[in-house]
Amino acid sequence: MNIAVCVKPVPDPKSYDKITINPETKLLERNKIPMVINPTDKHAIEAAIQLKELYGGKVILISMAPPGAKEVLKDGLAMGVDEAYLLSDRFFAGADTFVTAKTLATGLKKIENFDLVFAGSESADGGTSHVPSQLGEMLGIPHLNHVMALVMEDGILKIKTKIENGYMDYEGRLPMVLGVVREINTPRYIPLMGVIQAQGKPFTVWGLNDLQLDPAVVGLAGSPTKPGSLHTPPLGRKVEMLDGELEKVAEKIIVVLHSAGLLS
Amino acid sequence: MEKQHGEVWIITEQAKGRLNEVSFELLGKARELAAKDGLPVSAVVMGSGIDFGNELIAYGADRVFLIDDPRLALYQNDNYAVVLENLIRKYSPAIVLFSASYCGSELSATVAAKLETGLAAHCVDLYFNEQAEFVQVVPAFGGRVLGDILCPHTRPQIASVKPGMFKKPEKESEPHGVIMEESAAVLDHYESPLKALRVVQEQPVGLPLEEAEIVLAGGWGVGSAEVWQSLEELGRELNGAVGCTRPALDEGWTKGEHTLIGVSGKTVRPKVYIGFGVSGATHHVVGMKDSGVVININNNPEETVFQVSDYGVVADVKDLLPVLLKKIRKAKEDRQ
Ligand SMILES: Cc1cc2nc3c(=O)[nH]c(=O)nc-3n(C[C@H](O)[C@H](O)[C@H](O)COP(=O)(O)OP(=O)(O)OC[C@H]3O[C@@H](n4cnc5c(N)ncnc54)[C@H](O)[C@@H]3O)c2cc1C
Ligand SMILES: Nc1ncnc2c1ncn2[C@@H]1O[C@H](COP(=O)(O)O)[C@@H](O)[C@H]1O
């Protein structure tokens with residue numbers, strides 16, 4: 001079975017509280033936040049490797065990102081992915097999800113036809129959860145997002161997707177694009193051996209010309225949506241500390257509840 | 001930029017034979033947007049044996065498109081997307097609003113890709129600016145940053161909105177909408193490679209977080225399942241609801257994912273929010289920042305959560321909880 005996994009390098013979500021907006025330039029200040037593989041994409045990689053272990057074949061990863069992403073993507077190779085493809089070009093910058101999906105689809109088609117394409121359900125930075133469905137549309141194959149369980153029986157895929165307070169069951173056939181949620185599995189730890197092996201695995205970088213794309217249809221230029229200004233939501237409040245013995249504190253809390261019209 | 005032309009549409013969503021609240025929340029926002037330019041508001045309902053036309057008209061829809069077809073009995077992304085694409089191409093609305101539920105975000109992404117147009121996800125605000133452009137405000141980096149999104153050239157402009165983000169409107173005093181039956185005949189030429197077999201959804205018991213006047217939120221600092229039980233007890237005593245952070249959910253202490261507050265969960269706006277052992281990560285705070293009064297209890301006096309609180313208590317949760325419970329019981333008795 002030939003499987004592709006879409007992997008997005010993102011600034012580490014643990015550090016989002018450090019992100020600020022420069023009041024003068026109005027640009028994001030996110031320096032020094034390390035890049036990591038998007039958390040749900042690790043589950044996508046794990047799902048792909050598990051299927052390869054069962055059915056054989058090959059797992060590749062594909063990413064559209066700046067050239068610096070190479071190191072982060074090696075973590076995917078270290079987990080057990082066989083080959084990496086990085087789509088990187090200054091013309092790709094500023095892509096919205098529509099154009100991201102289109103660029104990824106162009107890259108995937110250039111590699112080969114895949115039986116399964118996995119993605120995470122949602123990226124931690126943009127967090128749209130659009131790309132899996134949009135990629136399916138651009139590849140012209142069926143797709144489901146928020147997949148929480150997956151088995152293959154006699155060539156039929158049995159898929160459980162997550163919905164509010166429950167799930168849905170689907171049946172489908174290969175090929176398919178699946179966006180996975182973190183409930184699907186527990187990603188393996190990177191073995192030391194994997195890190196060493198990753199160095200020797202094929203790593204291809206493709207730009208605009210390799211994909212034979214017109215600059216007008218990629219990046220910001222090709223994106224139907226355009227970003228406007230950025231702001232930080234006002235979150236701060238002026239705090240009054242309630243101190244004293246616990247009994248006193250509890251009484252003060254009750255006063256606050258009363259004045260908010262509760263407990264009556 | 002000239003004035004917006006065309007209609008504002010909302011795509012409704014159902015569960016267990018009823019319209020979800022988010023359908024009305026979207027309708028309220030659509031009415032607000034449309035009122036400025038006098039645009040009509042239409043609601044789309046898909047399903048089998050459905051009849052929500054009058055209910056939507058009562059809440060202000062000028063037009064309700066009903067697409068009643070046995071093939072639409074269960075939500076299935078591809079079938080629904082084919083039908084919607086067809087309807088949108090037929091009427092060319094200016095703006096289409098979807099729920100950003102699990103199904104809604106999948107459906108909106110699919111429809112936007114088919115129509116080759118822009119889509120803004122999980123919008124926290126939608127408005128027309130002074131240039132009459134449709135501004136879609138979306139969260140990024142877990143809600144730490146908000147960014148404006150415009151869709152200048154392609155139509156429709158599609159946006160999704162999480163359930164609970166906007167307010168359900170009042171009923172219209174003089175409802176006047178019309179119901180229009182549309183067909184799903186496009187599906188005659190479409191054979192789905194997928195098959196939705198069943199939907200399993202359990203209505204959680206107890207007061208929903210969104211409806212509670214007081215929400216108690218437990219974080220990782222609650223520390224154990226036993227202490228969590230006292231938190232639940234306090235919740236019952238106060239007629240409130242108990243919510244959680246993701247680490248508390250992952251520990252398995254809570255009643256389940258429907259009680260998660262934050263970017264990946266619910267948005268709550270109770271009169272009073274009390275956090276117990278919550279650090280104040282933006283991922284969580286964006287889901288409770290619009291609460292009335294915010295109280296937080298944390299054993300670390302320097303914790304960032306105090307910067308987003310009206311009242312702070314430096315204490316160990318497991319010590320304060322029993323005292324608070326006792327005092328509140330007493331306060332209630334004294335009132336009787
Ligand atoms: C993509 C993504 C999405 C996420 N979505 C969400 C979301 O929707 N909702 C959400 O909540 N989180 C979400 N998170 C997680 C989020 O980033 C934080 O990790 C989380 O909110 C922290 O939860 P916490 O405050 O309970 O735990 P911690 O950050 O571990 O804080 C525990 C707090 O308890 C205090 N404490 C410890 N012991 C005691 C004690 N005995 N008494 C009193 N105080 C004590 C500590 O001082 C600390 O402040 C998400 C993360 C990612 C990456
Ligand atoms: N630039 C990208 N390169 C590779 N995969 C991506 C990229 N952007 C998004 N994805 C995939 O799409 C999923 C959903 O992302 P999003 O739609 O941005 O929330 C991610 O978890 C990735 O698997």
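Per chain, numbering begins at 1; letters A, B, ... match sequence-line order. Please read all numbers here as calculations on a predicted model, not as lab measurements.
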I would like to know whether A:I19 and B:T282 meet side chain to side chain contact (heavy atoms under 4.5 Å, CB included); could you show each step before the answer? CA-CA 11 Å; A:I19 294 176; B:T282 311; over 6 Å; no

Which portion of B:D319 sits near chain A, non-hydrogen atoms under 4.5 angstrom: both

Quick check: are there more than 12 heavy atoms from other residues, nucleotides or ligands sitting under 6.0 Å from NZ of A:K8? yes

Please classify the contact of B:S309 with chain A as side chain, backbone, both or neither, using a heavy-atom distance under 4.5 Å. both

Structural part of A:K238 lying under 4.5 Å from a heavy atom of chain B: backbone

Okay, A:D243 and chain B: the region with an atom under 4.5 Å from a heavy atom over there is neither

Examine whether an atom of B:Q203 lies under 4.5 Å from a heavy atom of chain A, and if so say whether it belongs to the side chain, the backbone or both; otherwise answer neither. side chain

Does any backbone or side-chain atom of B:P139 lie under 4.5 Å from a heavy atom of chain A? Answer side chain, backbone, both or neither. backbone

Here the pair of heavy atoms bringing A:I163 nearest to B:V199 is CD1-CG1, 3.5 Å

What part of A:P11 lies closer than 4.5 angstrom to a heavy atom of chain B: side chain, backbone, both or neither? side chain

Quick check on A:H146 against chain B: is it the side chain, the backbone, both or neither that has a heavy atom closer than 4.5 Å? side chain

By a 4.5 Å heavy-atom criterion (distance strictly below it), what part of A:A124 contacts chain B: side chain, backbone, both, or neither? backbone

Is there a side chain to side chain contact (heavy atoms under 4.5 Å, CB included) between B:L238 and A:L262? Walk through the geometry before answering. CA-CA 8 Å; B:L238 289 167; A:L262 297 172; over 6 Å; no

Structural part of B:L194 lying under 4.5 Å from a heavy atom of chain A: both

Which portion of A:Y167 sits near chain B, non-hydrogen atoms under 4.5 angstrom: both

Heavy-atom closest pair (A:H143 atom, B:E106 atom, distance to 0.1 Å) is O-OE2, 4.4 Å

So do the side chains of A:E183 and B:E257 get within less than 4.5 Å of each other, counting heavy atoms only? yes

Non-hydrogen atoms of chain A under 4.5 Å away: do they reach the side chain of B:V294, the backbone, both or neither? both

Tell me the closest heavy-atom pair linking B:T110 and A:S133, and the distance in Å. OG1-CB, 3.5 Å

Considering all heavy atoms, the nearest B:G143-A:P233 contact: O-CG, 3.5 Å

Nearest heavy-atom neighbours spanning A:D17 and B:A281: OD2-CA, 3.5 Å

Chain B contact via A:L242 - which portion, at a heavy-atom distance below 4.5 Å: both

Could you look at A:E137 and say if it's the side chain, the backbone, both or neither that has a heavy atom under 4.5 Å from chain B? side chain

So which part of A:L28 gets closer than 4.5 Å to some heavy atom of chain B, the side chain, the backbone, both or neither? side chain

Is B:D78 in contact with chain A via its backbone, its side chain, both, or neither, using a 4.5 Å heavy-atom distance? neither

Is a side-chain N or O of A:E251 found less than 3.5 angstrom from the main chain of B:K327, in a donor-acceptor match? no

Do B:R144 and A:K18 come close enough that some side-chain heavy atom pair is under 4.5 Å? no

Rounded to the nearest 0.5 Å, how far apart are NE2 of B:H122 and NE2 of A:H130? 6.5 Å

Chain A contact via B:Q76 - side chain, backbone, both or neither, heavy atoms under 4.5 Å: both

Candidate pair A:I21 and B:V145, rule side chain to side chain contact (heavy atoms under 4.5 Å, CB included), full reasoning: CA-CA 8 Å; A:I21 294 173; B:V145 175; 4.3 Å; yes

Segment of B:D250 engaging chain A (4.5 angstrom heavy-atom cut-off): side chain

Compare every heavy atom of A:V256 with every heavy atom of B:Y311, then report the nearest pair and how far apart it is. CE1-CG1, 3.7 Å

Check whether any side-chain N or O of A:E171 sits under 3.5 Å from a backbone N or O of B:K195 as a donor-acceptor pair, and report yes or no. no

